[in-house]
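Notes follow once the structure below has been shown.
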Amino acid sequence: MPLSWNEIKTRAAAFSNKWKEEANEDAEAKSFWDDFFNIFGISRYRVASFEKAVRKTDDTQGYIDLLWKGVILIEHKSRGKNLDKAFAQAKDYFPGLKEKELPRYILVCDFETFRLYDLENNHSNQFALSQLKDNVALFGFIAGYEKKTYKEQDPVNIEAAELMGRLHDKLKAIGYCGHQLELYLVRLVFCLFADDSNIFEKGIFNEYLDNKTAEDGSDLAMHNDSLFTILNTAEENRLKNIDESLAVFPYVNGKLFEERLAVAAFDSDMRKTLLDCCLLDWGKISPAIFGSLFQSVMDEKARRNLGAHYTSEKNILKLIKPLFLDELHTEFEKTKNNKAALQRLHDKISGLRFLDPACGCGNFLIIAYREIRLLEIEIIKQLLKLQGYREEVLKGAQMDASYLIKCNVDQFYGIEYEEFPAQIAKTALWLTDHQMNMKVTETFGEYYVRLPLKKSATILQGNALRIDWQSLIDPIPFEKGEAVYDYILGNPPFVGYAWQNAEQKKDMDAVFAGVNGAGVLDYVTAWYILAAKYIQGKQTKCAFVSTNSISQGEQVGILWNELYNNYKIKIFFAHRTFSWSNEAKGNAAVHVVIIGFANFEIDEKRIFEYEHIKGEPHEIVAKNINSYLVDAKNVFILKRTKPISKVPEINRGSDAIDDGNLLLNLEEKNDLIEKEPKAEKWIRPFLMGKEFLNNIPRFCLWLKNISPQELKEIPLVYERVQKVKLFREKSKRPQTLKAAMFPTLFGEERHPESDYLAIPKVSSENREYIPIGYCSKDIICGDKLFNLPNASLFHFGIITSLMHNTWMRYTCGRMKSDYSYSNTIVYNNYPWPENPSDKQKEAVEKAAQAVLDARSMFPESSLADLYDPNTMPPALVKAHQQLDKAVDLCYRPQPFPNETKRIEFLFELYDRYTAGLFTKEKKGRKKVGKK
């Protein structure tokens with residue numbers, strides 16, 4: 001346990017007095033540095049060695065006066081010697097040191113003068129022996145008071161994962177696996193962290209392994225087992241004659257070391273790996289990354305890409321700040337000069353309860369707890385000021401503030417499906433608690449630690465969708481007046497309905513029993529329903545990170561209709577779509593939203609909008625946030641078979657369902673015609689979205705009305721037809737089995753008899769406008785295109801306008817981040833202009849033709865090139881701008897200043913158009929579900 005700063009300063013003054021007399025004999029240097037380390041309560045021989053032999057820069061043999069590996073190198077000179085030369089000499093030793101042995105600090109001294117170099121921060125300090133007392137804080141890293149800086153992608157994190165992963169693989173290879181291996185590694189990491197962060201006396205775990213175990217590793221497991229037993233045994237219950245090197249370890253408790261594990265086995269290589277782990281500065285690793293670190297330890301592939309599995313603190317703060325932290329800090333600012341109000345705030349935060357019902361390794365709980373503790377420290381500092389403590393006293397004082405600490409980890413609860421992450425979450429919260437206790441130490445000067453561990457977070461292993469969340473607080477069912485969660489938060493699993501396994505589908509069926517259309521919902525939506533059920537009659541606030549699909553497309557009407565109408569949910573903040581990713585190479589980004597909700601009204605509503613999904617948001621104050629995360633009325637866009645406006649009906653393109661046998665690329669088409677010229681009659685141009693956008697030639701066999709004789713005269717085509725039949729007959733889908741009876745035809749034929757307007761089903765999010773265009777009826781439209789027959793220039797103008805594209809962006813589904821257009825959701829629900837005049841229609845048609853004319857100026861360019869924001873020709877940009885103005889005037893005379901105002905207007909118009917339609921449709925509405 002570190003000494004208090006008062007004690008350290010007292011010892012520093014005594015040291016200066018002892019050594020102020022003439023002392024320049026080298027023989028006295030060892031005593032000098034033994035006394036120096038004793039200032040901080042550290043036995044020098046335990047951490048640092050004298051006269052380490054190394055090869056110098058010039059390849060000659062040298063001897064380092066004093067080396068604490070990875071921490072400090074000391075070069076000592078006789079009184080009056082040149083300290084610049086001493087520093088240069090110290091640097092000359094570096095090539096002879098292993099990377100892990102390289103120190104952060106160099107200290108040069110001549111008995112009278114100290115000069116300390118911080119190589120990491122490129123900073124140095126010099127002072128006289130008589131000034132040591134006033135400068136002793138510079139050596140806080142020796143006592144264990146060093147301030148830590150945490151980096152998400154710090155090389156220490158990566159190396160720690162690699163070394164522990166190597167140990168994991170070796171233990172697993174000898175048959176030590178499963179639960180035993182996982183818990184064993186958790187214990188080792190706890191010891192490594194404790195060794196560098198003042199839970200243990202600094203360096204004693206490293207010393208114990210290095211000095212007490214054989215080089216061949218044969219007795220390492222036995223010594224680890226002895227240590228684990230000691231850490232679980234209170235001092236008063238330990239044997240009186242235990243080895244001194246074990247007796248110095250504190251009683252930890254907290255159940256981490258309670259279970260008796262089978263004794264493992266180590267060899268020399270494994271021992272070396274563990275000792276290499278000891279040389280890392282584990283105090284630099286934020287507990288927030290422990291979960292990701294452990295996942296990577298267990299998974300060799302993930303080990304090489306640690307950052308890809310790490311939920312960054314920055315992203316976590318996007319949720320917890322608007323959920324509770326901003327409000328608490330605002331309250332702190334308002335009450336900071338009122339002692340009674342400040343004490344009430346302190347009592348309030350110490351009584352808050354937090355639940356993450358999909359906590360994984362605990363990242364959200366860890367950051368939430370850290371922020372609550374940091375706020376508590378600010379509250380305590382302010383309370384002390386109000387009690388008369390001066391600012392300068394608070395900054396450098398050594399006062400015992402431990403009696404003022406009220407917040408603890410037992411305010412935090414989690415549910416995790418897998419055993420190992422649940423154990424990690426609990427352990428990481430302990431470590432976070434210790435880090436915050438070190439922050440108390442740093443702030444108020446006196447060492448503060450909670451050992452043995454008496455309280456812990458409640459982390460339950462199990463299926464959160466089958467567990468009563470209240471049972472974690474109290475096994476008795478909720479009754480009025482009982483303790484409840486104040487905040488429910490987290491990042492539930494991202495699993496689309498198509499990827500849910502059998503157990504997950506059963507979970508969904510249980511949670512959404514009786515809800516029409518729930519078969520298309522993402523797995524995360526179940527957490528919304530259970531949270532909504534829990535918060536009924538409570539003042540609990542919730543926020544989840546979710547796939548953005550729950551606020552777009554068909555899921556919105558199903559999920560939010562249930563949440564709004566049956567549970568009276570109200571959204572009080574939302575982050576619109578952004579990229580949930582990290583900087584690690586190969587990391588696949590997920591596009592998410594964050595939604596905060598409660599079942600009571602909250603005055604201040606906030607929308608965080610992103611101009612670019614990888615950028616920073618700007619905040620919008622909203623009156624109401626609807627399920628599309630827009631400041632507008634609560635509306636639900638449900639699937640609709642007919643347009644709400646009087647416009648032509650739109651259709652999906654035809655689906656071959658042929659295993660590729662009816663489709664041809666250019667080479668295949670030419671080859672077939674060369675071999676069977678009669679086949680040319682039956683080959684038609686064919687377009688899917690990709691081909692339409694990129695001018696890629698593709699073809700199909702369109703065998704409608706072909707006679708049996710004609711088919712047999714082209715045997716290669718006949719062979720393809722046979723393969724289509726066999727492919728369809730293997731299907732379990734009734735419609736496909738039926739289509740097997742007609743193998744010459746597309747499985748689903750929806751081809752118009754007239755020319756049509758083609759709209760790609762999927763289009764890049766980077767485009768301002770979805771590229772659409774006219775196609776001849778001779779071109780077969782595939783199922784990745786929608787076709788609008790008999791479309792006029794007016795129809796083309798409206799659909800390609802910014803107005804319609806704005807509607808599309810908010811109501812369509814997504815394929816990753818790309819827009820996924822829909823006939824039943826986007827087109828059929830789009831509120832077209834209400835009774836535009838002939839003049840307005842003519843203006844739109846004229847502007848629409850100008851867009852087509854601008855495109856025709858670049859006949860060699862594809863639609864993808866023309867609508868790429870980086871290559872879109874100025875003439876086409878201007879044509880679209882004129883079209884947008886003409887379309888806007890069909891809606892209202894005033895211009896729309898931005899996209900937000902457009903969508904707000906469109907939602908109001910939709911609400912008006914459909915006011916009488918929902919009642920009519922509800923009676924005959926069929927259940928929506930997975931096809």
Side-chain angles (χ1 to χ4, degrees), residues 308-312 315-316 318-319 323 356-360 363-364 417 464-465 488-501 504-505 507-508 511-512 515 517-532 542-563 569 571 573-582 587-597 607-610 612-614 617 625-630 636-637 762 764-765 808-822 825-826 928 930:
H309 301 271
Y310 174 62
T311 303
S312 72
N315 279 341
I316 294 171
K318 288 180 180 179
L319 183 148
L323 177 62
D356 183 343
C359 71
N363 289 348
F364 281 78
Y417 188 78
L465 302 183
I488 299 173
L489 68 162
N491 183 12
F494 297 161
V495 187
Y497 72 90
W499 291 274
Q500 291 164 18
N501 61 35
Q504 290 168 337
K505 288 186 182 298
D507 291 339
M508 295 293 285
V511 172
F512 286 95
V515 178
V520 303
L521 295 175
D522 288 353
Y523 196 45
V524 66
T525 59
W527 273 261
Y528 279 81
I529 295 295
L530 291 189
C542 309
F544 293 130
V545 180
S546 315
T547 43
N548 61 356
S549 51
I550 74 163
S551 62
Q552 300 166 347
E554 64 181 326
Q555 294 196 47
V556 175
I558 301 164
L559 172 65
W560 293 98
N561 205 11
E562 182 75 7
L563 290 171
I569 290 305
I571 299 174
F573 83 87
H575 279 264
R576 291 178 180 161
T577 297
F578 68 96
S579 180
W580 185 266
S581 64
N582 299 288
N587 179 23
V590 181
H591 296 92
V592 303
V593 293
I594 300 175
I595 300 176
F597 60 96
I607 296 173
F608 297 89
E609 187 172 44
Y610 294 77
H612 190 276
I613 58 170
K614 292 184 178 179
I625 304 175
N626 70 14
S627 50
Y628 296 91
L629 312 186
V630 173
F636 308 104
I637 313 298
V762 178
S764 169
E765 63 168 337
M808 177 276 303
R809 272 189 272 277
Y810 280 85
T811 61
C812 75
R814 298 273 177 149
M815 185 72 67
K816 292 185 178 178
S817 64
D818 291 338
Y819 304 127
S820 183
Y821 197 86
S822 163
I825 296 286
V826 180
V928 180
K930 184 182 176 184

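When reading the values below, keep in mind they use all heavy atoms of this one structure, side chains included, and skip hydrogens, waters and symmetry mates.
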Any side-chain heavy-atom pair of [X] and [Y] under 4.5 Å:
X	Y	answer
Leu323	Ile594	no
Val592	Ser546	no
Leu559	Leu563	yes
Thr811	Tyr628	yes
Ile558	Val515	yes
Val545	Leu319	yes
Phe578	Asn315	yes

Non-hydrogen atoms of [X] and [Y] that approach each other most closely:
X	Y	result
Gly557	Asn561	O-CB, 2.7 Å
Pro617	Phe608	CB-CB, 3.9 Å
Ile488	Pro357	CG2-CD, 3.9 Å

According to side chain to side chain contact (heavy atoms under 4.5 Å, CB included), who are the partners of [X], at least two apart in sequence or on a separate chain?
X	value
Thr547	Phe494, Asp522, Val524, Ser549, Ile550
Ala526	Leu465, Met508, Val511, Phe512
Ala358	Asp356, Pro492, Pro493, Trp527

### Task
Kindly indicate, with the supporting measurements, whether the criterion side chain to side chain contact (heavy atoms under 4.5 Å, CB included) is fulfilled by Tyr819 and Met808.
CA-CA 8 Å; Tyr819 304 127; Met808 177 276 303; 3.5 Å; yes
### Query
Residues in ring-ring contact (aromatic ring centres under 6.0 Å, His included) with Tyr528, at least two apart?
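By the ring-ring contact (aromatic ring centres under 6.0 Å, His included) rule, Tyr528 matches Phe544, Trp560, Phe597.
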### Those residues that, when tested against Tyr610, pass side chain to side chain donor-acceptor pair (under 3.5 Å) (two or more places apart)
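Only Lys318, His575 meet the side chain to side chain donor-acceptor pair (under 3.5 Å) criterion with Tyr610.
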### Message
Please enumerate all residues that pass side chain to side chain donor-acceptor pair (under 3.5 Å) together with Ser820, with sequence neighbours excluded.
### Response
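Per chain and number, Ser820 pairs via side chain to side chain donor-acceptor pair (under 3.5 Å) with no residue.
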#### Entry: OG-CZ distance between Ser627 and Phe636, expressed to the nearest 0.5 angstrom
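These two atoms lie 5.0 Å from each other.
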